[in-house]
Trainee: 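I'd like to ask some things about the structure below.
Note that the numbering runs from 1 along the sequence shown for the chain.
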Amino acid sequence: FEATNAMLTTLISTDELASRLDDPKLAIFDVRHELTSPESWGENEYATSHIPRATFLHLDRDLSAPKNGVNGRHPLPTPEACAALFGRIGIDASKQVVVYDQGSGTFASRLWWMLRWVGHEAVAVLDGGFAKWTRENITSMKQQCLAMGWAIDWSREFASCDPDYYKWNQWLFLKML
């Protein structure tokens, strides 16, 4: 990251993530999970929709050690197992990691903690998770604007890229370009 893109170590907003989606140093991980349907819910949700460039990690298969009957539902892997996983999925010292779950941060915070535990500080949880991302419809708004050939400065706040809005408020739109 350049000086203007300081390392993020706690939370990242949906707007900030949207503005950085093209950054090759960004690694995004989807860890959505449902305790009542642990085998496939997260993977099914990921297959249906996810943040661009995100990789899915399963809580049981990727972020937990094997169960032995006495070590709980989601046993913590060893630091060595964590480091091996992170190496396999492309996390190195140059990467800014962003992790999200369905919204509460419960599962995202596990990966955040695991990365910090093995010394990777450049990790942030998406504030509001995938629920907020989809509620704000960031990706499809950006795709709509790009499809129309509109050059939008994504670091600015704007109300909409709905063409009817800009026909009515064209002077504002032209000022934003």
Trainee: Is Ile51 close to Leu126 at the side-chain level, that is, under 4.5 Å between some pair of heavy atoms?
Mentor: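 Leu126 reaches Ile51 side chain to side chain.
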Trainee: How far apart are the closest heavy atoms of Arg20 and Leu8, and which atoms are they?
Mentor: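 Result for this residue pair: NH1-CD1, 3.5 Å.
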Trainee: If we ignore hydrogens and angles and just use 3.5 Å, is the side chain of Trp133 paired with the main-chain N or O of Gly103 as donor and acceptor?
Mentor: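 Looks like no, no N/O pair under 3.5 Å.
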Trainee: What are the two closest heavy atoms between Ile91 and Phe29, and how far apart are they?
Mentor: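 For Ile91 versus Phe29, the nearest heavy atoms are CD1-CE1, 3.7 Å.
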Trainee: Show your working on side chain to side chain contact (heavy atoms under 4.5 Å, CB included) between Met114 and Leu63 and close with a plain yes or no.
Mentor: CA-CA 9 Å; Met114 289 169 65; Leu63 304 178; 4.2 Å; yes
Trainee: Do Leu59 and Arg110 make a side-chain contact, defined as non-hydrogen atoms from C-beta onward lying under 4.5 Å apart?
Mentor: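 Touching, per the 4.5 Å side-chain cut-off.
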Trainee: Measure the spacing between CH2 of Trp112 and CD of Glu121 and express it to the nearest 0.5 Å.
Mentor: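 Going from the CH2 atom of Trp112 to the CD atom of Glu121 covers 9.5 Å.
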Trainee: Could you list the residues that satisfy side chain to side chain donor-acceptor pair (under 3.5 Å) with Thr106, not counting sequence neighbours?
Mentor: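 Counting only residues at least two positions away or on another chain, Thr106 forms a side chain to side chain donor-acceptor pair (under 3.5 Å) with Ser104.
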Trainee: Exactly one of Ile12, Ile28, Leu111, Leu57 should register a side chain to side chain contact (heavy atoms under 4.5 Å, CB included) with Val99. Which one does?
Mentor: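 Single side chain to side chain contact (heavy atoms under 4.5 Å, CB included) partner of Val99 among Ile12, Ile28, Leu111, Leu57: Leu111.
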Trainee: For the pair Lys132 (side chain) and Gln102 (backbone), establish whether a donor and an acceptor sit closer than 3.5 Å, ignoring hydrogens and angles.
Mentor: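 Not at all, since once roles are kept as given, no pair shorter than 3.5 Å links the two residues.
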Trainee: For Lys25 and Ser94, work out which heavy atoms get closest and say how close.
Mentor: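 Nearest heavy atoms, Lys25 then Ser94: CB-O, 3.7 Å.
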Trainee: Tell me, which pairs form a salt bridge (Lys or Arg N to Asp or Glu O under 4.0 Å) where one or both residues lie in residues 40-59, sequence neighbours left out?
Mentor: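 Listed by first then second residue: Glu43-Arg61.
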Trainee: So, for Pro38 and Leu35, which heavy atoms are closest and what is the spacing to 0.1 Å?
Mentor: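 That closest heavy-atom pairing would be CD-O, 3.4 Å.
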Trainee: Which residue pairs pass the ring pair (Phe, Tyr, Trp, His ring centres under 6.0 Å) test with at least one member in residues 83-102, sequence neighbours excluded?
Mentor: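 Residue pairs passing ring pair (Phe, Tyr, Trp, His ring centres under 6.0 Å), neighbours aside: Tyr100-Phe130.
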Trainee: Calculate, to the nearest 0.5 Å, the distance between atoms CG and NE2 belonging to Asp30 and His50 respectively.
Mentor: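 With rounding to 0.5 Å, CG (Asp30) is 8.0 Å from NE2 (His50).
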Trainee: Among the clusters formed by ILVMFWY side chains lying less than 4.5 Å apart, do Leu115 and Phe107 turn up in the same one?
Mentor: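 In one cluster with Leu115: Phe107, yes.
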Trainee: Which pairs of donor and acceptor atoms, one on a side chain in residues 69-79, lie under 3.5 Å apart (sequence neighbours left out)?
Mentor:
unit_1: Asn71; atom_1: OD1; unit_2: Asn68; atom_2: N; d: 3.0
unit_1: Asn71; atom_1: ND2; unit_2: Pro66; atom_2: O; d: 3.0
unit_1: His74; atom_1: NE2; unit_2: Asp60; atom_2: OD1; d: 3.0
unit_1: Thr78; atom_1: OG1; unit_2: Glu80; atom_2: OE1; d: 3.4
unit_1: Thr78; atom_1: OG1; unit_2: Ala81; atom_2: N; d: 3.0

Trainee: Atom CG of Leu11 and atom CG of Asp127: how far apart are they, to the nearest 0.5 Å?
Mentor: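 Taking CG in Leu11 and CG in Asp127, the distance rounds to 5.0 Å.
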Trainee: Could you work out, with ring pair (Phe, Tyr, Trp, His ring centres under 6.0 Å) as the rule, every residue matching Trp117, not counting sequence neighbours?
Mentor: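 With sequence neighbours excluded, Trp117 shows a ring pair (Phe, Tyr, Trp, His ring centres under 6.0 Å) to Trp113, given in chain and number order.
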Trainee: Rounded to the nearest 0.5 Å, how far apart are CG of Asn44 and CZ of Arg32?
Mentor: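 With rounding to 0.5 Å, CG (Asn44) is 10.5 Å from CZ (Arg32).
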Trainee: Report yes or no: do Val118 and Val125 belong to one cluster of Ile/Leu/Val/Met/Phe/Trp/Tyr joined by side chain heavy-atom distances under 4.5 Å?
Mentor: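 In one cluster: yes.
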Trainee: Quick one: ring pair (Phe, Tyr, Trp, His ring centres under 6.0 Å) partners of His58, sequence neighbours excluded?
Mentor: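 Residues passing ring pair (Phe, Tyr, Trp, His ring centres under 6.0 Å) with His58: His33.
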Trainee: Answer with yes or no whether the side chains of Ser13 and Asp15 bring together a donor and an acceptor at under 3.5 Å.
Mentor: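 Judged by distance alone, the side chains do not pair up.
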